[in-house]
Amino acid sequence: MKISELFKEKTVLSFEIFPPKPTAEETVIYETLDGLTGLHPDFISVTYGAGGGKNGSKTIKIASDVKNRYNIESVAHLPCIGITKNQAVQILDSLKENSIENILALRGDISPDTVSAGDFSHASELIEFIRERYDFNIIAACYPEGHPESKSIIEDINFLKHKVDCGVSHLITQLFLDNNYFYEFCERATIAGIDVPIEAGIMPVTNKAQIERMVKLCGIRLPKKFIKMMERYENNPVALRDAGIAYAIDQIVDLISQDVNGIHLYTMNNPYVAKRIYEAVHRLLAVQHC
Ligand code: FAD
């Protein structure tokens with residue numbers, strides 16, 4: 001199923017997972033999936049390392065298992081910076097053979113280890129490439145606080161509009177910790193003529209290292225109340241985890257009340273945290289807007 005259809009019917013709840021690290025047992029992902037699929041998400045998306053290569057085959061296998069073994073719609077992430085057009089065709093053919101219908105088309109994170117393969121510079125180029133050759137449902141990323149490399153929010157929104165016009169059916173946001181950034185972003189997107197559903201990416205922050213990594217990588221701003229929470233509980237891992245879960249629930253309740261199209265939970269492969277959030281909000285997701 002092409003997941004763009006879902007937004008016509010309901011407030012969507014989806015999860016993001018990542019393939020196990022090379023040092024971890026391959027089977028650990030099935031423990032994660034056993035826990036997450038029991039929460040009946042509308043779809044599960046599987047990340048893909050921007051370097052291309054070996055990580056990609058894990059993404060395809062896991063996305064295929066989500067769809068064909070667990071009977072839940074899956075989305076395969078596909079970053080293009082590290083792959084050639086020939087490699088893109090191989091990956092896309094393999095996704096098609098595995099009955100995967102939905103792709104999150106990305107440029108990919110640029111790190112000191114990322115080597116550009118030279119064929120794609122931006123996600124929009126990959127989206128056009130897929131659109132011309134395949135029938136996948138294409139999703140793309142967006143950034144409520146602006147992408148860290150952008151000169152301005154306006155420039156970022158203009159590039160986003162172009163990206164959507166290349167053939168995107170819905171957007172998923174980077175995590176944010178203040179819903180006002182999301183609401184302002186949605187207003188700017190509407191003014192720019194972007195009219196596809198926007199799913200809000202929510203990450204329950206459960207440890208200090210995790211948030212430090214996110215600030216460095218994504219350039220997100222930390223609201224005062226979030227900083228206070230971290231300061232109060234940083235030396236008590238259980239209290240910090242509980243506070244992080246409560247903070248995410250608070251964000252989600254507000255977003256649902258304001259009629260968000262969907263919630264995309266960055267699960268960090270942690271079914272316990274996802275379950276606590278699911279239990280707090282799933283009845284709210286089912287309430288129709290009057
Ligand atoms: P783009 O849309 O190409 O934008 C990148 C930058 O270029 C922006 O500053 C934009 O304004 C600018 N730009 C866009 N088009 C043009 C143009 N034509 N000319 C000049 N500038 C332009 N990374 C991974 O490696 N693997 C993953 O699995 C992954 N999953 C993600 C999931 C989500 C929901 C999100 C939000 C991000 C994910 N990322 C992932 C991170 C993402 O790859 C990075 O944020 C990356 O830096 C940008 O990717 P993009 O697809 O948004 O790029």
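For ligands, and for the atoms within them, numbers begin at 1 and follow the listed sequence.
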For ligand 1, note which part of Lys163 has a heavy atom under 4.0 Å away: side chain, backbone, both or neither.
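The answer is the side chain.
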Quick one: which of [options] has a heavy atom closest to [atom]?
atom	options	answer
atom 39 (N) of ligand 1	Val75, Val46, Leu106	Leu106
atom 1 (P) of ligand 1	Gly201, Ser150, Cys142, Ala123	Ala123
atom 53 (O) of ligand 1	Glu149, His162, Arg107	Arg107
atom 49 (O) of ligand 1	Phe18, Phe120, Tyr143, Tyr48	Tyr143
atom 6 (C) of ligand 1	His147, Glu199, His77, Glu155	His147
atom 13 (N) of ligand 1	His122, Glu125, Glu16	His122

Hey, which atoms in ligand 1 end up nearer than 4.0 Å to a heavy atom of [X]?
X	value
Tyr266	33 (C), 34 (C)
Ala141	35 (C), 36 (C), 52 (O)
Leu104	32 (C)
Asp156	8 (C), 9 (O), 10 (C), 11 (O)
Thr47	28 (O)
Gly108	25 (O), 43 (O), 46 (C), 47 (O), 49 (O)
Gln174	36 (C)

Does a donor on one side chain sit under 3.5 Å from an acceptor on the other, for Asn137 and Ser169?
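Indeed, the side chains of Asn137 and Ser169 share at least one donor-acceptor pair under 3.5 Å.
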Identify all side-chain donor-acceptor contacts of residues 16-31 below 3.5 Å with residues at least two apart in sequence or on another chain.
from	atom 1	to	atom 2	distance (Å)
Tyr30	OH	Lys61	NZ	3.4
Tyr30	OH	Asp65	OD2	2.4

Which residue pairs pass the ring-ring contact (aromatic ring centres under 6.0 Å, His included) test with at least one member in residues 191-213, sequence neighbours excluded?
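Listed by first then second residue: nothing to list.
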Between Phe182 and Phe176, how do the two ring planes meet: parallel, tilted or perpendicular, split at 30° and 60°?
parallel
Test: Glu279 and Arg276 ion pair at under 4.0 Å:
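Here Glu279 does not pair with Arg276 in a salt bridge, since their nearest N and O are not under 4.0 Å apart.
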Please determine if Lys216 and Glu212 form a salt bridge, counting it only when a charged side-chain N lies under 4.0 Å from a carboxylate O.
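The answer is no: the pair does not qualify as a salt bridge.
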Would you check if the distance from the ring center of His264 to the ring center of Tyr266 is below 6.0 Å?
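His264 vs Tyr266: aromatic centres under 6.0 Å.
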Has Gln87 got a side-chain atom pairing as donor or acceptor with Thr84's backbone, closer than 3.5 angstrom?
yes
Between Tyr70 and Leu36, is any pair of side-chain heavy atoms under 4.5 Å apart?
no
